[in-house]
Amino acid sequence: MLASIQRWLARFDLVVIAGLFLALLPVLHVQRTTDFIVFCLYVLSFDLIYGHMGRLSFGHMLYLGAGAYGAALCSVHLSANPIVALAASVILAGAVGLLLGPLVVRTTGACFALINLAFNQVGHFVVLIAAAAYTGGEDGMTAAFSRVGPLNLSQRTHMFAFALAILLAAVWFVRRLTGSPFGILLRSVKEKEERVRFLGYDTTRYKLVAFVLSTSLAGAAGGLSALNYGYVTPSFIDPGRNVEVIFAALIGGAGSVYGALLGGVAYMVISNYLPDYVQRWEMFLGFALLLLVFRFRSGLWGWIAQRAPRPAVEEVAP
């Protein structure tokens, strides 16, 4: 019975995920639930390079910010169509990843983390000062989007449904990608890249593809943020906010699509509601990190998966 339930969940996980976010609506209200969805998409993009490729980035906000400003600039200078704006956010963030990727993916460890942080600082400077005439500088810029048929994103319920559909599509895509031979190769690079090279694979090319896909998904999250709020500010690309996605990935469990979603929701609950009761709420994130390091090394989802009963393997008679 339990095995059949597990197989059902594995087959209809998108329905379960949609149902869980719908269940949050009466508790969080529509716009806040949409914020949760967008952040989960952002964590999912980060986990593609951290959890599956084994590269920790301290500058992933650069790609979310590129997507947010891409959508806003598109609405002002190109088209107010939200679909076009979202496509522009994905393309711009992917282009930034493709431009920086050949240099970034050749590094590992602290170098990979810090070089992304350095580029994030450059991007923050560009939108804040260098391109302030186009981005609005400290004041940011507003973004107005038109109605497309029955889709009117100025209505909160429409925005929620649109963001949820994008998240489910991203979950399906990442799950298929990481379960494919490409995903197996990425995890092999994470474990021992030298062995993968010895087998004849061009690991730099595979890492570059994964990196660009990750930045594109982060750009989609940034574009959805611009659609949800109707404005963009330098806080969307602030290097100081990189800790948010790192904490979320650690809480949920790196290397798992469901862990990314669980971590995103958990972090948003902590950061949005704990400050109402505790002034120095960041201190609890430090305690949570210590607890994860010493007790839940694989994150909440990893802990749950390890304790879930597994179906018995039937022995085949010789």
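All values derive from a computational prediction rather than experimental measurement.
Counted by atom type alone, Ser79 and Asn81 present zero donor-acceptor pairs between their side chains at under 3.5 Å.
For the atom pair CD1 of Ile49 and NZ of Lys190, the computed distance is 12.0 Å after rounding to the nearest 0.5 Å. Distance CG/Leu64 to OH/Tyr42: 5.5 Å, rounded to 0.5 Å. With rounding to the nearest 0.5 angstrom, the CG atom of Leu262 is 9.0 Å from the SG atom of Cys40. We find the CZ-CD1 distance between Phe173 and Ile166 to be 13.0 Å, quoted to the nearest 0.5 Å. Taking CG of Leu164 as the start and CG of Leu41 as the end, the distance is 11.0 Å to the nearest 0.5 Å. Taken from OG1 in Thr178 to CE in Met53, the straight-line distance is 14.0 Å, to the nearest 0.5 Å.
Between Ile251 and Ile270 the shortest heavy-atom distance is CD1-CD1, 4.4 Å. Between His124 and Pro234, the shortest heavy-atom contact is CD2-O, 3.6 Å. Of all the heavy atoms in Ala80 and Ala144, the pair that sits closest is CB-O, 3.7 Å. Across all their heavy atoms, Asp238 and Met61 have their closest contact at O-CG, 3.6 Å. Residue Leu48 comes nearest to Ser214 through the heavy atom pair CD2-N, 3.8 Å, listed as atom of the first residue, atom of the second, then distance. In this structure, Ile246 and Ser57 approach most closely via the heavy-atom pair CD1-O, 3.8 Å.
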> Tyr231 and Asp139: side-chain hydrogen bond (donor to acceptor under 3.5 Å, both in side chains), yes or no, with the steps?
Replying inline: CA-CA 10 Å; Tyr231 66 88; Asp139 297 328; over 6 Å; no
> So Val269 and Phe36, side chain to side chain contact (heavy atoms under 4.5 Å, CB included) or not? Walk me through it.
Replying inline: CA-CA 9 Å; Val269 169; Phe36 277 51; 3.7 Å; yes
> Could you go step by step and tell me if Tyr63 and Asn116 meet the side-chain hydrogen bond (donor to acceptor under 3.5 Å, both in side chains) rule?
Replying inline: CA-CA 10 Å; Tyr63 313 111; Asn116 275 284; 2.9 Å; yes
> What's the verdict on side chain to side chain contact (heavy atoms under 4.5 Å, CB included) for Tyr229 and Asp35, showing C-alpha distance, side-chain angles and the deciding distance?
Replying inline: CA-CA 10 Å; Tyr229 288 105; Asp35 289 338; 2.9 Å; yes
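Considering only heavy atoms from C-beta on, Phe162 comes within 4.5 Å of Ile83 through its side chain. Side chains of Phe58 and Val243 form no contact here, defined as non-hydrogen atoms less than 4.5 Å apart. At a threshold of 4.5 Å between non-hydrogen side-chain atoms, the residues Asn242 and Asn120 count as touching. Here the side chains of Ile237 and Val232 are not in contact, with every heavy-atom distance at 4.5 Å or above. Side-chain contact check for Thr34 versus Phe160: some heavy-atom pair is nearer than 4.5 Å. Side-chain contact check for Leu62 versus Leu117: every heavy-atom pair is 4.5 Å or farther apart. For the pair Val43 and Tyr267, the minimum side-chain heavy-atom distance is 4.5 Å or more. Within the 4.5 Å cutoff, the side chain of Pro82 has no heavy atoms near those of the Arg147 side chain.
Hydrophobic clustering of Ile, Leu, Val, Met, Phe, Trp and Tyr side chains at less than 4.5 Å, counting indirect connections, unites Leu151 with Leu167. The hydrophobic cluster containing Val104 also contains Val209, counting ILVMFWY residues as joined when their side-chain heavy atoms lie under 4.5 angstrom apart, directly or transitively. There is a path of hydrophobic side-chain contacts, each under 4.5 Å, that joins Leu56 to Leu103. Hydrophobic clustering, with ILVMFWY side chains joined whenever heavy atoms are under 4.5 angstrom apart, groups Val196 together with Leu177. With hydrophobic clusters built from ILVMFWY side chains whose heavy atoms lie under 4.5 angstrom apart, Val38 shares a cluster with Tyr273.
Between Arg55 and Glu193, at least one side-chain N (NZ, or NE/NH1/NH2) sits under 4.0 Å from a carboxylate O, which counts as a salt bridge. Under a 4.0 Å N-O distance rule, the pair Asp13/Arg175 qualifies as a salt bridge.
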Result block: side-chain N/O donor-acceptor pairs under 3.5 angstrom for residues 19-32, not counting sequence neighbours:
| residue | atom | partner | partner atom | Å |
| --- | --- | --- | --- | --- |
| Arg32 | NH1 | Asn272 | OD1 | 3.4 |

Under 3.5 Å, which donor-acceptor pairs link side chains of residues 65-78 to any protein atom two or more places apart or in another chain?
| residue | atom | partner | partner atom | Å |
| --- | --- | --- | --- | --- |
| Tyr69 | OH | Thr233 | O | 3.4 |
| Ser75 | OG | Ala72 | O | 2.6 |

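No more than 12 heavy atoms of other residues, nucleotides or ligands sit less than 6.0 Å from atom CZ of Arg195. Around the CZ atom of Arg176, the shell of radius 6.0 Å holds no more than 12 heavy atoms that belong to other residues, nucleotides or ligands.
Tested against Ser45, the residues Leu213, Val245, Leu217, Thr215 include a single side-chain contact (heavy atoms from CB on, under 4.5 Å) partner, Leu217.
A distance-only check finds no donor-acceptor pair linking the side chain of Asp47 to the backbone of Ala260 [under 3.5 Å].
Note: Phe112 and Tyr50 fail the aromatic proximity criterion, with ring centroids not under 6.0 Å apart.
Relative orientation of the Tyr258 and Trp301 rings is tilted, given thresholds of 30° and 60° on the angle between their planes.
For Tyr206, the side chain to side chain contact (heavy atoms under 4.5 Å, CB included) criterion is met by Phe182, Leu185, Tyr201, not counting sequence neighbours.
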